[in-house]
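Each chain gets a letter, A, B and so on, in the order its sequence line appears, and its residues count up from 1.
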Amino acid sequence: MLAEVYLPLPLNQTYTYRFKEGETQFGCRVSVPFGKRKLTGFVVNVKEDQETDFEIKEIIKSVDKTPIFTSELLDTAKWMSKVYIASVGQILSMMIPSGRRESESALFSAEESFTPIKMLSEEQQSALDEINNNPGETFYLYGVTGSGKSEVYLRAAEEVIRQGRKVIYLVPEITLTHQLLSDISLRFSNRVALLHSALTPSQRLKHWHKIINGEADIAIGARSAVFAPFKDVGLIIIDEEHENSYKSGQTPRYHARQVAQKRAVNMHSTLVMGSATPSLEAYLSMKKGAMKRLDLKTKVAGGAEAKVKIVNMLKESRTISKELEEEIRSALHDRAGVILFLNRRGYTNYYHCNSCGHVEECPNCSIALTYHKSSERMVCHYCGYSTPLVSHCSKCGSHDMSVAGFGTERVEEEAGKLFPSARIARLDTDVASGDKEKVKKTIEDFKKGEIDILLGTQMVAKGLNFPRLRLVGVILADSTLSVPDFRSEERTFSLLEQVKGRAGRYRDDGRVVIQTYRVDDNAIKAVRDQKVAEFYENELEIRKSLGFPPFTRLVALTLRSRNEDSVRKASDELYLLLERVISKSGYSDVYVIGKNPCIIYKKASNFRYQILLSGENFIHLNTIVKVSLERYHTPSNIYIEIDVDPLSLL
DNA sequence: AGCACGCCGACT
DNA sequence: GTCGGCGTGCTC
Ligand SMILES: [Zn+2]
Ligand SMILES: [Zn+2]
């Protein structure tokens, strides 16, 4: 018998091997000789012996006795290979666990806990009915924090499982807590598989087998759980749809939302996404009617919309303004919890006007210009536009301009001085990756009221819920606003809105103080004035006029090498090739936005250049990139990374 | 992606 | 004379 095998190499073809009948079958991993090497490949077809014009080698052994992937997953892999421009073998080796033996350790332990039977609100019930009565459709649960989205997801899941079908439940890594797993595990009588990046290969294999052996009804996890090898999925849930962590940071840089959409088509699954702050992509899709919007407007657990105050930092000399100080004092007095939210300082310094807060933008792309110290110029990292460092503000004419932004140390120091008797603790993602126990304790202490002020980054803005929390102070909203990215307004809006949701999660007296130099910014004002629809509509208009997603698609090609001259040369060559291929193709919608040194020019002793392309028609754009890269003979010391629909361009 | 083969420059 | 640089080509 012969087996056609995909290998984990950038070669988009199968290789044929001989095997003894019964030794392996479709869907199994096999160990095979390839040149002088031994590789693990994936059997995607078996056939009778036949004459071939090449020599055929024998399989070393079959890693699996029974299939580890389905034909539907193979179809998804082939689709991904086209969309993300990677070989099928690379896609398969990314989605299928590499473990060879199942882990001995228990999958996870559910702690017995009392979960009261929750009554659904009218809104929740009608959303649930809508989902249950329209299998195979796509829905968006658009609801504020605390509106009870999770309960709707879980009821919909129960219904699908009752019908004998399976469920995939995606949550952002950060919300994948032990508590959530425990709850889900109890609710679905342990017929749950867990898939996320922190599992070891053998643990991953164990959960994967649980699915294949029919011992799980629901797979829960972060991004990679979208590949759960169920044969018949009735429902795919994507909670917090707007989260960037659904996009893979490594090649192949897939987006779990896109993969979910493909698998939902394959298996006629219902797709339910949800968030309080949809991505602009999702918002446009709802607007066009491609997915049905289901609103959840009331908070089921009580709690009212937090009051938002914007503080102009231009008049302040300290990092904690007078107004924020007052609010903190009042909260401390009432023994209510305070979180001070600091964005991780951007990768770039941004130059701003000290009189009006204005940040200079690219005239072509409207993204913040970055300051290059060496050349004393302001540069656009999208299109390459550059201008000498301006001496006066283009908005108000003031000559008082400087580099802005402040670090966490300074805030911590000032908070300590202002509130000497308050107990202050720090919590950020950097700390989280190092010492999990310490983070857990910090959170517990804050919950119990043993910590008064929590100073944190991203982490405290998402996922965590504290009934004690009354005040959130955003130290400087400008730091997300001034990231040189066309999504900076959207990100700022989303972050502030999430922060606001945290403050008003359980209480009626929640407060948010946003400190900024840009008091007129759309995102900030929209959060304060609850002008959500207006914000989205306005942002869509801007994207449309500038030709950015969701009205176009982008592809970023990043070239890197240890040799500075060769990357620069290679990026010039590839750029010219792309231009040639585009003009020959006749696709008038596709163009190269720019070819530039990356914002992070040197990373891990590699020099980096980026070529950014845009196209209205994705097939056109994809074809241009694929053809150009096939035609381009990449020098051996250069590595090219392809990012389709990039979310971050650093 | 690796790994071999192969063809020219500068070294014991 | 050989050691080693990396361009080219192949792997069932
Ligand atoms: Zn100004
Ligand atoms: Zn530009």
A.B. asks: Between A:Arg491 and A:Asn244, do the side chains contain an N or O donor and an N or O acceptor separated by less than 3.5 Å?
C.D. replies: yes
A.B. asks: Quick one: which protein N/O atoms are closer than 3.5 Å to N/O atoms of nucleotides 1-3 of chain B? Pair and distance per line, please.
C.D. replies:
unit_1	atom_1	unit_2	atom_2	d
B:dA1	N3	A:Arg37	NH2	3.0
B:dG2	OP1	A:Arg37	NH1	3.0
B:dG2	O4'	A:Arg37	NH1	3.2

A.B. asks: Cation-pi check, A:Arg257 to A:Tyr246: give yes when NZ or CZ is under 6.0 Å from the six-membered ring centre and within 45° of the ring axis, no otherwise.
C.D. replies: no
A.B. asks: Taking the six-membered ring for Trp and the full ring for Phe, Tyr or His, determine whether the centres of A:Phe26 and A:Phe42 are under 6.0 Å apart.
C.D. replies: no
A.B. asks: Below the 4.0 Å mark, does C:dT11 have OP1 or OP2 next to a side-chain nitrogen or oxygen of A:Tyr15?
C.D. replies: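 So the side chain of A:Tyr15 is outside the cut-off, no N or O lying under 4.0 Å from OP1 or OP2 of C:dT11.
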A.B. asks: Take the protein atom CG of A:Asn637 and the nucleotide atom P of C:dT8, then report the distance between them rounded to whole Å.
C.D. replies: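 Roughly 13 Å, once rounded to whole Å.
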A.B. asks: Does A:Lys57 make a cation-pi contact with A:Tyr17 (under 6.0 Å, within 45 degrees of the axis)?
C.D. replies: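 Verdict for A:Tyr17: no cation-pi partner in A:Lys57.
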A.B. asks: Establish, yes or no, whether a centroid distance under 6.0 Å links the rings of A:His381 and A:His372.
C.D. replies: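 Between A:His372 and A:His381, which both carry aromatic rings, the centre distance is below 6.0 Å.
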A.B. asks: In this structure, is the centre-to-centre distance between the rings of A:Phe548 and A:Tyr382 below 6.0 Å?
C.D. replies: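 They qualify: ring centres under 6.0 Å apart.
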A.B. asks: If every non-hydrogen atom of A:Thr66 is compared with every non-hydrogen atom of A:Gln25, which pair is closest and at what distance?
C.D. replies: CA-NE2, 4.0 Å
A.B. asks: When you compare the side chains of A:Thr552 and A:Glu616, does any donor N or O come within less than 3.5 Å of an acceptor on the partner?
C.D. replies: no
A.B. asks: Show each protein N/O and nucleotides 6-9 of chain B N/O combination with a separation under 3.5 Å, one pair to a line.
C.D. replies:
none

